[in-house]
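Notes to accompany the following structure.
Residue numbers start at 1 and run along the sequence shown.
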Amino acid sequence: MLHKWKFYSVITIIVLVITTSFKRYEFEPMAGFHLQPGEVLEYQVPSLEEKNYVNFDIPFTGKSFAGFKQALAFKESQGSYKKVNSLGYLGKYQFGKGTLQTIGVRDSLRFMNSPRLQEKSFEALLAINKHELRNEIQKYVGKEIRGVVVTESGILAAAHLGGAGSVKKFLKSNGRRGIKDAYGTSILSYMDKFGGYDTSIIEAKEKVRVKY
C-alpha cells in the first residue's frame, strides 16, 4: 500500500512540474495586418536607380519617372513583355509595328524577346512625342480641360495612346473633340490617369533610332 502511494505521488509531482513549466502568452490583435484566406502580401521597395525598375512588373505608386513607366505599362499590358493584344500591338507598352519602324526596330520577334529593347523603345518614343508636342506642352500645361489639369506626363501618356496628332487636335479643341482608341479608351482619361509624373528626364528629340 505504501509503495502504491509513493508511486502515485511521484506521478502527480511530475505532471505538476510539466504543466507549470509552460508560460502563458497573450496575443494582441494587430488590426490592419491580418490576411484573408488566400491573400498575399507584396512589398515595393523604392530605389533611386531607374534601371532597377526595368523588370518591375507591378505598378510603382510614386510620381517618379519609374512610377510613370510602370503605371502606364500596367494599364497597357499588366506589365507583361510578352503581351500581344487582339489588334496586334506588342509588348509591355503595346507598340504597333509601324511605330516600331519609325524608331528603327524592324525585328518584332527580337523586340518581344528583349525587355531591354522594349524599355529603350518606349523612352525613344517618349522623346519623339515630347519634341512633336513641345509647343502644346508649353501652352497647355497647368490649364484645366474638362476638369483635368494638363501636365507633361499626361500629354505624353495620351500621345502614347492615340498619337501626337490626336493629342494636338484634342488640346486645340479644348477637349470638345473627344478622341478614343479602338477599345474605347479616351485621350482625356489617359491625360487624367497619368498626370503629375516627373518626365523631365526625357529629352525632346526630333528623330531617335534605337540601337540593338
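Between the side chain of Ser80 and the backbone N or O of Ser77 there is no donor-acceptor pair closer than 3.5 Å. Put simply, the side chain of Gln94 gets close to the backbone of Gly91: a donor and an acceptor are under 3.5 Å apart. Judged by distance alone, with hydrogens and angles left aside, the side-chain atoms of Lys205 form no donor-acceptor pair with the main-chain N or O of Leu125 at under 3.5 Å. Side chain of Ser166 to backbone of Gly162: a donor-acceptor contact under 3.5 angstrom is found. For the pair Arg209 (side chain) and Val105 (backbone), a donor-acceptor distance under 3.5 Å is absent.
In the hydrophobic clustering of ILVMFWY residues, with side-chain heavy atoms under 4.5 Å counting as a link, Leu72 and Ile201 come out together.
Glu119 is listed as a side-chain neighbour of Lys69, based on a closest heavy-atom distance under 4.5 Å. Counting heavy atoms from C-beta outward, Phe170 and Ile145 have side chains that approach closer than 4.5 Å. Put simply, the side chain of Leu90 reaches to within 4.5 Å of the side chain of Leu100, judged on heavy atoms. With a 4.5 Å cut-off on side-chain heavy atoms, Ile103 and Phe122 do not count as touching. Within the 4.5 Å cutoff, side-chain heavy atoms of Met191 are placed close to those of Ile187.
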**Study point:** Verdict with supporting geometry, Glu136 and Val141, side-chain contact (heavy atoms from CB on, under 4.5 Å)
**Key:** CA-CA 8 Å; Glu136 284 72 22; Val141 165; over 6 Å; no

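Rounding to the nearest 0.5 Å places CG of Leu133 at 7.0 Å from CG of Leu156. Rounded to the nearest 0.5 angstrom, Tyr140 OH and Asn174 CG are separated by 7.0 Å. From Tyr93, atom OH reaches atom CD of Glu76 across 10.0 Å, with rounding to the nearest 0.5 Å. Residue Gln118 holds its CD atom at 13.0 Å from CZ of Arg110, rounded to the nearest 0.5 Å. Atoms CZ and CG, from Phe194 and Leu161 in turn, are 9.0 Å apart once rounded to the nearest 0.5 Å. We find the CD1-CG distance between Ile179 and Leu188 to be 11.0 Å, quoted to the nearest 0.5 Å.
Every pair passing salt bridge (charged side-chain N to carboxylate O under 4.0 Å, His left out) that includes a residue from residues 147-158 is listed here, sequence neighbours excluded: Lys130-Glu152. The salt bridge (charged side-chain N to carboxylate O under 4.0 Å, His left out) analysis of residues 162-189, with sequence neighbours excluded, yields the pairs Glu132-Lys168. Every pair tested for salt bridge (charged side-chain N to carboxylate O under 4.0 Å, His left out) that includes a residue from residues 186-202 fails, sequence neighbours excluded, so the list is empty.
In Glu203, the CD atom is not crowded: 12 or fewer heavy atoms of neighbouring residues, nucleotides or ligands sit closer than 6.0 Å. More than 12 heavy atoms of other residues, nucleotides or ligands lie within 6.0 Å of CD in Glu144, so this atom counts as buried by the packing criterion.
Cluster note: Leu87 groups with Tyr89, Tyr183 through ILVMFWY side-chain heavy atoms spaced under 4.5 Å, whether in direct contact or through intervening members.
Residues satisfying the side chain to side chain donor-acceptor pair (under 3.5 Å) test with Ser114, not counting sequence neighbours, are none. With sequence neighbours left out, Phe95 forms a ring pair (Phe, Tyr, Trp, His ring centres under 6.0 Å) with Phe111, His160.
Checking Met112, Lys83, Gln70 one by one against Lys92, the side-chain contact (heavy atoms from CB on, under 4.5 Å) holds for a single residue, Gln70.
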